[in-house]
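Here the structure is laid out as structure tokens; the discussion comes afterwards.
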Amino acid sequence: MDNKKFEELLLTVQKPGRYSGGEIGSVIKDKNKVDIRFAFCFPDTYEIGMSHLGMKILYSLFNEREDIWCERVFAPWTDFEKVMRDNDIPLFALESRDNVRDFDFVGFTLQYELSYSNVLNMLDLAGIPLKSCDRDENSPIIVAGGPCACNAEPLADFIDIFFLGEGEEVDLEVIDLYKECREKGIGRQEFLRLAAKIEGVYVPSLYTVKYNPDGTISEYVPIYDAPKTIEKRIIKDLNKSYYPKQFVVPYIEIVHDRAVQELYRGCIRGCRFCQAGFIYRPVREKNFEVNNAQAKAICDNTGYDELSLSSLSTSDYRELEPLLNDMLSWSEKDKVSLALPSLRIDNFSEELLEKISHIRKSGLTFAPEAGTQRLRDVINKNITEEEIINTCRTAFKGGYTSVKLYFMMGLPTETDEDIKGIAELGQRIVNEYYSMPERPKGKSVSVSISVSTFVPKPFTPFQFEPQITKEEILRKQAYLRSCLTTKKISLSWHDSSVSFLEGVFARGDRRLGRVIEAAVEKGCRFDGWDECFDLQKWLDAFSECGIEPAFYANRQRAFDEVNPWDMFDYGVTKKFLICQNDLAHKGITTPNCREKCAGCGANKYGEGVCFEKC
């Protein structure tokens, strides 16, 4: 299609800038002078995908190689998808506008389970056979990575290769193997068998699954000498790892429209519900000089006037104070504001508040997760109510009048007393504000309580626990609302139907592939969006496939049950997860990784917090 016609069609949709390309920092190469073309697909909108740090890193890393041209692809919103289908426009990459089907690799990053329908819809839009078994030598290699790859099985029928863990090294190793195989005339199937021998690579077509009469998994059987266990890849020294000096700067506003600096990977805390806190172990930090230099380069080269310091728990970064001192020396001069997300309640100090006061003044966000001390001990949050109140008091003294608190509902062992505790904690924070003579004069306090539904995730101590039913979620939500007695507290919660579907796919196996395919045929896509999500279509798909979703979401799992992810080694042992589950039910906490090693297994990597010098 010629550019004029294409541009005319863009003017008929809501946000043409999602599909136009040509942004500052985007990479254009001569496709006749590269050996490998890689389509990096984010299975959600442009605004979300362009906010994702992992895509920024790999896009720049790949394009630094002269033999690789990596281009970006995003899921078209429903209005543009209709335009594409009505005008026979296949899914295209932004940089060249070439059909994704013509690339060597098509890669998806799997950040959340509700994007699975978009993965299949994007393959369909590109004209690529959905199932691996239906692709031939002319089809691209379909790869996927990201946190959801730690349970790859729901998408096993559709993905040729999964990357487990961090991708900076393993992705390039697979690309180099592909080049070598092509030069030697080695075909697709043999390439996949060879790729399976690379650490961190899972090729699902090389495994068959046996089931017990009750529907649980009996065993995974590797074929063609595929490894019995696949170990994740990690970048051991982040000080020497690749980090881009330039980001693509979008023409339209995106969700996180700012520069981002990754401080470190992993988390020391061990909250028992948190998948990221376990699959990214061990903690590996960059030193503050490296972080400062990388952050300044990004701001200088992009022109962004806001920089976010990214990590799972920013205030746990050991060199935060010297880093902020160095950053403030240039950020104030360059009028760059700094954002510190993911602050911990138990190490939020007046000194840190002083630094933040130089940065920006907005509401503060903390995550107590549970309303009572008993339940916070169950989930190993390791914070007390007094620490929560003291932190809020410190914030109020510093001039803040708005606090947002995140909680979860449906956690293991939760009772109505724990739900009531959420409201009581919010009320105590309100009371604390009005008890302070030094509070900001003439201003009222605002406490926002946001409640999500607990979803048991692989590689956490709660991977064995059932998710509570939708009916119970609705009852608990109504009870919580009845416990609130002041308009100073606002309450919001996530759609329980969305959480239910997330729970199904988080612990699902490859039998769910039929359900995803059926749901896509019914029009399911953008399931994380309220305006698109249709639970009934999914329930109809489950029914047609003869699969009961509660089997995956609402069932207690035995410790000795074979899980769909048990053949993956993310460094944290199943024995450790079982031990932590037992401690949770006893209400016993575990110290964080810098206080005492809990023996999770991640010390085998020989790097990070496990090997810090005391």
Side-chain angles (χ1 to χ4, degrees), residues 27-41 58-59 61-73 90-93 95-109 119 122-145 149 152 155-165 167-208 221-228 230-231 233:
V27 178
I28 304 297
K29 296 185 179 183
D30 184 342
K31 62 184 178 184
N32 297 312
K33 295 182 179 179
V34 296
D35 297 321
I36 299 294
R37 299 191 67 186
F38 193 108
F40 198 126
C41 300
L58 294 177
Y59 177 84
L61 173 66
F62 290 177
N63 280 320
E64 289 219 347
R65 291 250 310 240
E66 291 185 0
D67 59 338
I68 301 173
W69 186 11
C70 179
E71 303 183 48
R72 295 163 298 138
V73 186
L91 187 69
F92 58 88
E95 282 75 5
S96 66
R97 291 189 186 160
D98 286 346
N99 186 347
V100 168
R101 182 180 57 215
D102 297 331
F103 284 62
D104 299 295
F105 285 87
V106 175
F108 290 92
T109 179
V119 172
M122 291 172 77
L123 290 174
D124 182 64
L125 280 168
I128 298 171
L130 295 186
K131 293 185 176 180
S132 301
C133 61
D134 294 330
R135 297 176 195 137
D136 58 24
E137 296 296 333
N138 296 317
S139 300
I141 303 296
I142 311 301
V143 301
L155 290 177
D157 290 341
F158 314 107
I159 304 298
D160 297 319
I161 290 174
F162 285 96
F163 297 121
L164 307 187
E168 289 97 327
E169 296 173 346
V170 64
D171 292 14
L172 293 178
E173 290 172 17
V174 169
I175 289 173
D176 287 338
L177 174 64
Y178 179 84
K179 280 181 60 178
E180 180 183 340
C181 288
R182 188 168 60 184
E183 290 167 2
K184 294 180 178 179
I186 295 174
R188 179 188 189 88
Q189 293 307 316
E190 182 60 24
F191 159 71
L192 292 176
R193 294 169 192 169
L194 292 171
K197 300 182 184 302
I198 297 175
E199 184 179 288
V201 170
Y202 171 53
V203 180
S205 62
L206 300 183
Y207 297 81
T208 59
V221 181
I223 57 177
Y224 298 112
D225 296 323
K228 190 172 183 60
I230 303 98
E231 186 169 330
R233 292 290 290 268

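Since the model is a prediction, treat every value here as computed from it, not as a measurement.
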Query raised in the report: Can you list the steps and then say if Asp136 with Arg188 is a side-chain contact (heavy atoms from CB on, under 4.5 Å)?
Result: CA-CA 8 Å; Asp136 58 24; Arg188 179 188 189 88; over 6 Å; no
Report task. Might you work through the side-chain contact (heavy atoms from CB on, under 4.5 Å) test for Val203 and Val201, ending with a clear yes or no? Result -> CA-CA 7 Å; Val203 180; Val201 170; 4.0 Å; yes
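To the nearest 0.5 Å, the span separating CZ on Phe92 from CG on Asp102 amounts to 14.0 Å. Note that the OH atom of Tyr178 and the CD1 atom of Ile186 stand 12.5 Å from one another [nearest 0.5 Å]. Between the CG atom in Asp171 and the SG atom in Cys70 there is a gap of 9.5 Å [rounded to 0.5 Å]. The OH atom of Tyr207 sits 9.5 Å away from atom NZ of Lys228, with the distance rounded to the nearest 0.5 Å. In this structure, SG in Cys133 is found 7.0 Å from CG in Asp157, a value given to the nearest 0.5 Å. Atom OG of residue Ser96 and atom CD of residue Glu71 lie 3.5 Å apart, to the nearest 0.5 angstrom.
Phe162 approaches Ala149 most closely through the heavy-atom pair CD2-CB, 4.3 Å. Here the closest non-hydrogen pair linking Ala196 and Leu206 is CB-CD1, 3.6 Å. Annotation for Met122 and Phe108: closest pair SD-CE2, 3.9 Å, computed over non-hydrogen atoms. Of all heavy-atom pairs spanning Ile161 and Ala195, the tightest one is CD1-CB, 4.0 Å. Taking both residues in full, the closest heavy atoms of Val73 and Ala93 are given as CG2-CA, 3.8 Å, listed atom of the first, atom of the second, then distance. Contact record, Pro222 with Pro227: CB-O, 4.1 Å, taken as the closest heavy-atom pair.
Remark: side-chain polar atoms of Arg135 are paired, donor with acceptor, to backbone N or O of Pro129 under 3.5 angstrom. Between the side chain of Arg182 and the backbone N or O of Gly187 there is no donor-acceptor pair closer than 3.5 Å. Listed for the Glu95 side chain is a donor-acceptor partner under 3.5 Å among the backbone atoms of Arg72.
Residues Glu199 and Val170 fail the side-chain proximity criterion, which asks for heavy atoms closer than 4.5 Å. A 4.5 Å side-chain heavy-atom check between Ile141 and Val106 finds every atom pair outside the cut-off. No side-chain heavy atom of Tyr224 sits less than 4.5 Å from a side-chain heavy atom of Ser205. Side-chain contact between Cys181 and Glu190 is absent, with no heavy-atom pair separated by less than 4.5 Å. The side-chain heavy atoms of Ile159 and Tyr202, taken from C-beta on, include no pair separated by under 4.5 Å. Leu177 has its side chain within reach of Phe191: a pair of non-hydrogen atoms, C-beta onward, lies under 4.5 Å apart. The closest side-chain heavy-atom distance from Ile198 to Glu169 is not below 4.5 Å. At least one side-chain heavy atom of Phe163 sits less than 4.5 Å from a side-chain heavy atom of Val143.
A salt bridge does not link Arg193 to Asp225: none of the charged side-chain nitrogens sits closer than 4.0 Å to a carboxylate oxygen. Under a 4.0 Å N-O distance rule, the pair Arg233/Glu173 qualifies as a salt bridge. In summary, Glu180 and Lys184 engage in a salt bridge, as defined by a charged side-chain N under 4.0 Å from a carboxylate O.
With ring centers used as reference points, Phe38 lies 6.0 Å or more from Phe103. For an aromatic pair to be called close, the ring centres must be under 6.0 Å apart, and Phe40 with Tyr59 fails this.
For the side chain to side chain contact (heavy atoms under 4.5 Å, CB included) with Asp67, the qualifying choice from Asp35, Ile36, Ile175 is Asp35, the only one to do so.
With sequence neighbours left out, Val34 forms a side-chain contact (heavy atoms from CB on, under 4.5 Å) with Lys29, Arg37, Trp69. Partners of Ala126 by side-chain contact (heavy atoms from CB on, under 4.5 Å), not counting sequence neighbours, listed by chain and number: Leu91, Asn99, Val100, Ile128.
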